[in-house]
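Here is the structure we will look at, set down as structure tokens.
Residue numbering restarts at 1 for every chain, and letters A, B, ... go by the order of the sequence lines. Remember, it's a predicted structure, so these values are computed and weren't measured experimentally.
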Amino acid sequence: MIQPLTLDQIKKDKEVVVVEINGGWGVRQRLNQMGIHPNDRIQIKRSGAMGGPILIQIHGIEVAIGRGMAKKIVVK
Amino acid sequence: MNKKKIQTISDKKRQDGSKHPQIVLVGQPNCGKSTLFNEVAGYRAVTSNFPGVTVTYTRSHIRIGDRVYNIIDLPGIYSLTSLDQADLETQRYLLSERVDVIINVIDASIMSRSLELTLQLLELEIPMVLCLNMIDEAKRKGIEINTEKLSDKLGIPIVKTVASKGKGVKSLFEEVLKMVYFGKKGKHIRGNRDVELVIARLKRILTQNLNNEIPFSKHLLATKLLEHDRFFENKVKQIRPELMEKISACRRELAISHGRSSDEVINAERHALSMSIVEQTCTVKKPQLHWRDRIDEILMHNIWGYLFLVIIFILFFNLIFRVGSLIETPMVAFFERAAQSINTQLNPELLYTVILTKIFEGIGGGIAIVLPYLFPFLMGLAFFEDIGYLPRVAFLMDTFMHRIGLHGKAVIPAVLGYGCNVPAVMGTRILESPRDRFISAFIATMIPCAARMTIIMGLVGYYLGGNWALMIYLLNLIVVALSGTWLSRILPEVTPGMVLEIPVYQMPRLKIMLRKTWLRLKDFIIIAWPLLIAGSAILGLIDHYQLTDKVNHMLSPVTVILGLPAEVGTTLIFGVLKKELSMLMLFQALGTTEILTVMSKTQILVFTIFVVFYIPCVATIGVLYRQLRGKRTLFIVGFTFILALILGLLTRGLGELIF
């Protein structure tokens, strides 16, 4: 099986599109609250040192997403 | 039975404070809602806890013309979905308390996400005014909003404001007042036909079956049930469990026709709706670049970010403690002189004099904590909060705090603890989840504050050398990390990780910072200060009735276990009152400042380690109680006491091997 590409693997300054959110109700809702949905365009602004969080820009807002959470966001 | 109970509770609540119209502020975090509140609220504004939980909201009376209104600032929420405690409480408030008008504050520079909450609030069917805040920010981003068109679409009045500069606030409240008297509800915004049909069907079912039992909008209930929201689901389950089958059928229908679960369908629908409203009412031009867009290149950088973090905190602490001690020293001297003059004026043998002097000392002690340290400290905290630096700190520290089971933001109270535990415990409020607040308050109380530093330096540093003092700090760090890890293991987190908005930097306003600081100071004044005064009076009584020996005897189990002289007993009680007192009283109790003549090196080490770890001081206990309530405060008191005993015992064994 091919591992899907997830947000945590994306390099700084790249732009990706959310394919799906691989998580339960809680994860989906929390990301939904921040305005992150499938088909949304995400810009990666920064990737924290030593397994730190990822800073993204979406709909004009900057959001920090912890590594664990980022692994659940499938992108292309 | 159940039905009746629910109704009577909500009826009773509705009567509370019904004298004045209730205006409620609702909005997403960082939308400037609290800034708006502080702009209009009086200095008598109070923070209250929701019953039974640590989530707080702020309320105040405001006077407009000759009428008084209640204005309530609910915790910021991103949506009406019950994900955490703040969401739940805000929801519960909106659904069961009396709300005459909602002011929905939104950050105009991020319209599409903000409108998602607005759409849900409209479903509540409560009169509402939309406040487009931070309109200057939106302009800078090149966003022009056609308010007439937007107001027409949503069916509610819209006012543009810049709360941080006080602009537009007056016209906002003019609209709000109109709403109080001629309240009109907004429109339901319709989306895709097939989704609307399912919502409408479910709404009909709910209206037919639950009309009297559930006092709020069935439209909202229908969409929330389709979103699998547990809070609403439980409400229905309690009253009409048999309805769940029909609800599931509706969910399935949506899931099958759209190929994903019904909550995703509703979310996507709402997202698309708000995007399309934005497209129709806003135009976006080229944004103007601003210095704020560049500053994160440094402050959030993987290397420079950490460097600046350390520098900023060192400067902050130095500033506070330099300035603080400059003010504290003369202040303490003044109160000592004053206490002495009371003693000489009145007969020092009289009980009355003793109590009066001690109360006076307690008052003085409070002032000597509040003015020099707490006030500048809370001002600094408010500054970092308002400028928007704290989320950046959380971003940088997330990876470290993860290792002890917390996330980034929790580092702030811990660092603050090195100054004074009182503001550190108060600082845990910046964390969203009650569990994180508890763990970080627990950690914060174990951090050696400035008072404990004087003991470490004055005893261990002075008699055993600087390296030993450093060792105590290291030991403390290890114990704190281990205890933190332990506690977060037994309280596993439900949220899967950090998702934190990093807002743009804002220029803080002095007025708002002072308001915030005052609200927090009030907590200290009401809770901790009286305890300090009472404690001081009790110590006076012990002294007056010559109970010192009895106290020493009572504490002899502790002193015997630790192998300390019995006279040390009372100093431990003084230490709970104010940490640095345990050292000063040690000199008094032993009758000498040449401690080495009466205590061995091991005993000094054991005493210091015990005092560093055991029971937080009264002021800290006070704010702990305010924040966490009795059980958890008791846990911290008990835990630190046992921990200190164990560590003291270990040190005793180790010391006897070394010295």
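- Ion pairing of B:Arg113 with B:Glu501 is present here, as a side-chain N (NZ or NE/NH1/NH2) and a carboxylate O approach within less than 4.0 Å.
- Checking B:Glu227 against B:Ser262 by side-chain atom types alone, no donor-acceptor pair falls below 3.5 Å.
- Comparing A:Ser47, A:Gly52, A:Gly48 by how many heavy-atom pairs each has under 4.5 Å with chain B, the most go to A:Gly48.
- Looking at A:Lys71 and A:Gln9, their side chains never bring a donor and an acceptor atom within 3.5 Å of each other.
- Of the possible donor and acceptor atoms, one in the side chain of B:Arg392 sits under 3.5 Å from a partner among the backbone N and O of B:Gly388.
- Checked by atom type and distance alone, the side chain of B:Arg403 pairs as donor or acceptor with a backbone atom of B:Thr399 at under 3.5 Å.
- Of the two parts of A:Asp40, only the side chain, counted from C-beta on, holds a non-hydrogen atom closer than 4.5 Å to a non-hydrogen atom of chain B.
- Proximity to chain B involves both the backbone and the side chain of A:Leu55, based on heavy atoms less than 4.5 angstrom apart.
- For chain A, the nearby part of B:Ser112 is the side chain; its heavy atoms alone come within less than 4.5 Å.
- With a 4.5 angstrom heavy-atom cutoff, A:His37 touches chain B only via side-chain atoms.
- For the 3.5 Å distance criterion, the side chains of B:Glu264 and B:Ser261 qualify, holding a donor opposite an acceptor.
- Counting heavy-atom pairs under 4.5 Å between each of A:Lys45, A:Arg28, A:Glu20 and chain B puts A:Arg28 at the top.
- For chain A, the nearby part of B:Met275 is the side chain; its heavy atoms alone come within less than 4.5 Å.
- Of the listed residues B:Asp263, B:Ile110, B:Asp229, the one with more heavy-atom pairs under 4.5 angstrom with chain A than any other is B:Asp263.
- With a threshold of 4.5 angstrom between heavy atoms, B:Asp296 approaches chain A through its backbone and through its side chain.
- A donor-acceptor pair shorter than 3.5 Å cannot be found between the side chains of A:Asn32 and B:His271.
- In this structure a side-chain-to-backbone donor-acceptor pair under 3.5 Å is missing from A:Gln57 to A:Glu62.
- When each of B:Arg260, B:His301, B:Met111 is checked for heavy-atom pairs under 4.5 Å with chain A, B:His301 comes out on top.
- Using a 4.0 Å cut-off between charged side-chain N and carboxylate O, B:Glu137 and B:Lys141 make no salt bridge.
- Proximity of a side-chain donor or acceptor of B:Glu144 to a complementary backbone N or O of B:Cys282 within less than 3.5 Å is not detected.
- Comparing B:Ile303, B:Ile77, B:Thr81 by heavy-atom pairs within less than 4.5 Å of chain A, the highest count is held by B:Thr81.
- Among A:His59, A:Met34, A:Met50, the residue making the largest number of heavy-atom pairs under 4.5 Å with chain B is A:Met34.
- Of the listed residues (B:Asn267, B:Asp398, B:Asp107), the greatest number of heavy-atom pairs within a distance under 4.5 Å of chain A belongs to B:Asn267.
- No part of B:Ser274 comes within reach of chain A, as not one of its non-hydrogen atoms sits under 4.5 angstrom from that chain.
- The contact between B:Asp87 and chain A is made entirely by side chain atoms (from C-beta outward), counting heavy-atom distances below 4.5 Å.
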